[in-house]
Amino acid sequence: MRRVLLDTVYAVQEWLETFGASQIFLMRVLAGCPRALLRPGLIVRQVYASGVLSLAIIGISGLFVGMVLALQGYNSLERFGATESLGVVAALALVRELGPVVTALLFAGRAGTALASEIGLMRATDQLSGMEMMAVDPVTRVVVPRFIGGIISMPLLAAIFSAMGILGAWLVGVVLLGVDEGSFWSSMREQVDYKDDVLSGVLKSFVFGIAASLLAVFEGYNSIPTAEGVSRATTRTVVLTALSVLILNFMLTAVLIGEV
Amino acid sequence: MAEDSTTETGPAGRGRRDENIAIIRDLAYSRGHRKIFDGLNLDIPRGRVTAIMGPSGTGKTTLLRLMTGQILPDQGSILMEGRDVCRMRRKELYETRKRIGMLFQNGALLTDINVYENVAFPLREHTRLPERLVRHIVLTKLHAVGLRGAAELMPAELSGGMARRVALARAIAMDPDLILYDEPFVGLDPISMGVIVRLIRRMNDALGLTSVVVSHDVEEISSIADRTYLLSDGKVVASGSPEDLQENCSAVVMQFMNGMADGPVPFHYPAPDYSDQLLRREQE
C-alpha cells in the first residue's frame, strides 16, 4: 500500500516537473519567435519539410476519407430520400471535424515524428551542444523555425485534406453513385457557412498545429541522448499529440458550438 | 602543481590573470551521489598546449563542460579571462563562448549541411561579412586542416579523422583565443591521429591560441603538451611537463603513464567477494 502511494506521489511529481519544464520551454520558444521571424529562409525550409513533404499522405488520406464519407452518407441519406444533401454532409464533416482532426493526427505521424527524432538525434550527436558552444541558441536556431513551420503548415494541410475529401466525395457520390451534380455543389454552397464552418475549422487546425508542433519539438529537445531515448521521444510525440488533439477538439467544439 | 599556486592566483594574485587564460579554484561537482570533482584547482596558461589526462570516468569531459558553462558546479569558481563563468548571464556566457572553440569527440558537425556550410556556420550566425569574405575565410580554414578539396562533401561522407579536422576548421573559424579538444584521438587510425596531433600543435603556435586537450592517449598527448594535469578521484594528482609526469613516482601516476591494468585504480569494479557470490548462487 505504502509503495503504491509512493509510486503515485513520484508519478505526480514527475508529471508536474514535465509540465513545468514544458511551460518554461514554451516561454523560451515564444521569446525566440520574433528573432526567428527575421530569418524567413529558415522557416520556409521547415514549411517545406513539415508541409510540402506531408502533401502526399494528406492528399491521399483526404481523398479516401471523402470517398468513404460519400459511401456511408449516400447509404444513410438514401433511406430518407435526401441524397442531394450528400455534398453538404461531406463538406461539413470534412471542414468542421475530419479535416482538422485527421490532418493533425497524420501530421503527428508524419511531420511530428520527423521533428522529434531529428532534434533528438541532434542532441544525441552533440549538434545542439556544438551550437551552444558556438554561442548559437539552439532553441532560436533549431526549435523555433520548426515550431513556426509546423503552425503554418497545419491549416494549409487541413485545407488541402478537406479539398481532397470533397473531391473524393464527388467522385463516389456524383461519378459512381449518380447523385445529381448540381444539387451536390449547390447544397454545399448554400449550407456551408464561411464563418461558422470554414473559419472554425481553420481555427481548430491552427490550435492543433500549435499543440502538435510544440509537443514534437519539446519531446525531441528534451529526449535522452541515446537510441532508446530518441525512440521514446518519437513514440511519446505521437501518443501525446493524438490525445491532445482529441481533447482539444472536444473543448474547441464545445466553445464554438456553445451548447455545453 | 595547481594546488600549490592557489594563493598566487587567488584574489590577491591578480597579476597572474594575464598569464593564465583560465583559473579553476575549489571546484566541486557531483552527479547524483557520486562526487566527480572535490576541490579541484587548475590553471590554463595562455599560449600553451595544456593536457588534461586521467582514467576513464574521472570527469575530463565534464570539466570542459563546466569550463564552458554548459553545466554549473556545486561549488567553486571558473575564471575565464578573470570573469567567473558560473556567475555569467546567458548573454555574457555566449559572448565568452564566441572566444572559445570546442572540438567534440564526434565532431558534432551539422549533418544537414555540407562541410563548407559547417565551417561558415559560426561566421553566418555572428557576423555580417559579405559572402566573398566568408568564402575566403572558410577556404583558408579548410586549407589549414588540409580539407579544402572536401568543401562540397556532406558530413556523412567523411571519415572520423576528416570529420574531426572539419570540426577543427569550424572551431577556429571565429579566430578564438582558447580551443578545447575533447578526446580528439579516440577511434582514429595512426595516420589520422598523427595529422590531428600535428594540427593541434601547429594551430596553437601559428594562430597564437591556447589549447586544452582532454585525452588519455599518453604518448600522443605527451608529444605536444607544454603542461599536463593528471586527474584522479576528483582532484589533480600530478601536474607539470610530460617529462615530469614520466618521472613521477606516485603509484597513481605510474599506473596511468605506464598503462598498468591494476593499481590504485582497480581493475575490478567494486563487487562482493567472488567466492561468496558464486557459492550463494549455488545454494540458491
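Note on naming: letters A, B, ... go to the chains in the order of the sequence lines (proteins, then strands), and numbering restarts at 1 for each one. No hydrogens, no waters, no symmetry mates; every other heavy atom, side chains included, goes into these values.
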*Tell me, yes or no, whether the heavy-atom count around A:E14 atom CD, taken from other residues, nucleotides or ligands under 6.0 Å, exceeds 12.*
no

*May I ask you to name which of B:R170, B:E95, B:K98 has the most heavy-atom pairs under 4.5 Å with chain A?*
B:R170

*With a 4.5 angstrom heavy-atom cut-off, which part of B:R90 approaches chain A: side chain, backbone, both or neither?*
side chain

*For A:V136 and B:F121, work out which heavy atoms get closest and say how close.*
CG2-CE2, 3.9 Å

_Interchain contact, B:L103 with chain A, by part (heavy-atom threshold 4.5 Å)_ = neither

*Name the region of B:T96, side chain, backbone, both or neither, that has any atom closer than 4.5 Å to a heavy atom of chain A.*
neither

*asked:* Can you confirm whether more than 12 heavy atoms, excluding those of B:R124, are under 6.0 Å from its CZ atom?
replied: yes

*chain B contacts: which residues in residues 99-135 of chain A have a non-hydrogen atom closer than 4.5 Å to it?*
A:M122, A:T125, A:D126, A:Q127, A:S129, A:G130, A:M131, A:E132, A:M133, A:M134, A:A135

*Residue B:I71 excluded, over 12 heavy atoms near CD1 under 6.0 Å*: yes

*Should we count CZ of B:R201 as having more than 12 external heavy atoms under 6.0 Å?*
yes

_Counting only heavy atoms from other residues, nucleotides and ligands, does the tally under 6.0 Å from CD of A:E228 exceed 12?_
no

*For chain A, the option from B:A173, B:A108, B:A171 that forms the most heavy-atom pairs under 4.5 Å*: B:A108

*Got more than 12 heavy atoms from elsewhere within 6.0 Å of CZ, A:F25?*
yes

